[in-house]
2 protein chains.
Amino acid sequence: MSYTYEFPRPSVTTDILVFSIRDGVLQVLLIERKLDPFKGAWAIPGGFVQMDEDLATGALRELEEETGLSGIPIRQLGAYGAPDRDPRGRVITVAFLALVPSDDLQARGGSDAEDARWFPVDDLPPLAFDHAQILADGRAELARDVTASIHDSALVAFDFLPETFTLSQAQQVFETLRGEEMDKRNFRKWLTNEWAIEDTGEKSTGGRHRPAALFRLERD
Amino acid sequence: MSYTYEFPRPSVTTDILVFSIRDGVLQVLLIERKLDPFKGAWAIPGGFVQMDEDLATGALRELEEETGLSGIPIRQLGAYGAPDRDPRGRVITVAFLALVPSDDLQARGGSDAEDARWFPVDDLPPLAFDHAQILADGRAELARDVTASIHDSALVAFDFLPETFTLSQAQQVFETLRGEEMDKRNFRKWLTNEWAIEDTGEKSTGGRHRPAALFRLERD
DNA sequence: TCAAAAGTGTTGTACCTACACCCATGC
DNA sequence: GCATGGGTGTAGGTACAACACTTTTGA
């Protein structure tokens with residue numbers, strides 16, 4: 001089966017930047033390309049959009065095919081369409097952004113991916129296409145979202161924490177997502193203002209030092 | 001000449017939302033469609049992207065073809081790709097946003113446009129495709145940009161003013177762009193803090209009332 | 001007793017909002 | 001003299017950044 005058109009058409013792909021915190025650092029999910037171009041190189045998961053699916057749906061489908069990860073909330077980052085960004089010809093991609101708790105998933109290879117792996121954002125392999133640019137843009141957008149407490153986006157931050165957590169644990173998570181450190185007292189003020197945080201009355205145990213109070217997010 | 005592909009491909013278009021201030025109100029440039037679908041309806045200018053041009057370049061080319069307007073700074077708004085957004089089949093569009101001084105141009109019809117006209121954003125005709133949604137998104141984005149004084153975007157605001165202007169004139173322009181009124185004294189404080197505004201020592205003339213001091217933007 | 005993390009307040013600055021009256025001019 | 005728009009200052013609230021010492025515990 002083939003498809004004929006009166007005018008040439010670009011291909012359209014979607015890519016999803018999936019961020020998570022693993023081992024205390026911000027990481028991004030990448031796939032090793034099974035096929036040329038850039039065979040063997042690492043890339044943002046994604047692929048060609050199908051004719052009957054929404055862009056976001058296509059992005060999620062490709063993500064699941066390539067990494068096994070599914071059903072996560074995403075938001076659009078933007079379209080990338082420089083004429084020479086793909087050596088196969090004209091390929092325009094629409095990039096999406098996601099933040100997921102990493103215990104949800106066991107990344108694995110799939111249809112078009114030799115392998116899927118998490119990489120710390122500060123220790124990336126060379127990337128295929130213009131994916132380094134897309135990743136940098138997504139990283140900046142993520143920090144903006146979390147800083148601005150866009151709640152639907154930033155709620156995910158609490159998925160990186162256990163049900164009850166210490167303020168230090170929370171600070172670690174937010175600092176990792178925002179990519180910068182903050183003052184302890186200021187963070188605590190910010191957190192308790194911005195979010196409904198409740199003191200459980202419990203104390204952490206097993207630490208090598210002074211036990212810390214345990215808090216819980218009041219979800220409505 | 002025709003083009004054959006192994007897999008079906010969507011079409012890709014670009015659209016540019018061009019905003020301006022005319023007659024003291026925020027207006028948007030629309031074209032009347034010459035062809036089906038939606039023949040005779042109004043739409044955001046735009047069209048099919050060519051194989052060798054960047055998305056932004058294509059958007060500007062289409063804009064010039066359809067309206068005669070060229071060489072304006074644009075920024076990307078996002079991609080719209082619902083499968084049923086175009087009755088002709090799968091068409092994905094990448095929308096751009098621009099703000100231009102309206103005296104630059106005389107909008108006119110062109111290749112694919114019967115007519116090009118400015119419409120006040122609060123008095124729009126029914127729009128083709130999902131263009132009402134795109135326009136609403138662009139309107140919100142414009143207000144955000146101007147409020148946040150993203151200077152490269154907001155600098156254009158001063159193009160709506162004469163070389164020397166009164167503070168009231170400036171307030172009119174910013175209120176129109178932001179879509180809301182503000183207190184006179186607060187506006188003046190904001191303006192002089194946020195921008196390098198210089199008192200020329202001159203006074204406006206010809207007004208029916210008390211002459212106003214004339215200011216100038218110090219451009220670097 | 002020491003190392004390590006927990007915990008805790010104040011101050012200055014900047015910014016935003018709300019708000020009311022007098023002034024200069026043309027008609 | 002009156003209508004119209006020009007022009008001005010203050011006070012309260014909120015948010016953010018900077019900053020240092022004491023407490024509790026395990027080892």
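All chains are named by letter (A, B, ...) in the order of the sequence lines, taking the proteins before the strands, and each is independently numbered beginning at 1.
If you take CD of B/E180 and C1' of C/dT17, they are 13 Å apart, rounded to a whole angstrom. Rounded to an integer number of Å, the gap from CZ of B/R208 to C1' of D/dC2 is 15 Å. If you measure from atom CD of A/Q169 to atom C1' of C/dG7, you get 16 Å, rounded to the nearest angstrom. In this structure, NZ of A/K203 is placed 13 Å from C1' of C/dA5, rounded to the nearest angstrom. Residue A/R210 contributes atom CZ, which lies 7 Å from atom P of D/dT25 at whole-angstrom precision. Separating the NE2 atom of A/H209 from the C1' atom of D/dA27 is a distance of 9 Å, rounded to the nearest angstrom.
If you take CG on A/L17 and CG on A/L99, they are separated by 11.5 Å, rounding to the nearest 0.5 Å.
Between B/F174 and B/F158, the distance from one ring center to the other falls under 6.0 angstrom.
A search for side-chain contact (heavy atoms from CB on, under 4.5 Å) contacts involving A/Q76 returns A/V94, A/F96, B/A79, not counting sequence neighbours. Qualifying ring-ring contact (aromatic ring centres under 6.0 Å, His included) partners for A/F38, counting only residues two or more places apart in sequence or in other chains: A/F129.
Taking a 4.0 Å limit (strictly below) on heavy-atom distances, residues 181-192 of chain A reaches DNA chain D at A/D183, A/R185, A/N186, A/K189.
Distances shown here put a side-chain N or O of A/S168 below 4.0 Å from the OP1 or OP2 atom of C/dA6.
A salt bridge does not link A/R61 to A/E64: none of the charged side-chain nitrogens sits closer than 4.0 Å to a carboxylate oxygen.
Residue whose closest nucleotide on DNA chain D sits further toward the 5' end, between A/N193 and B/F215: B/F215. Annotation: of the two residues near DNA chain D, B/P211 and A/P211, the 5′-most nearest-nucleotide partner is B/P211.
More than 12 heavy atoms of other shown residues, nucleotides or ligands fall within 6.0 angstrom of atom CD in A/E53.
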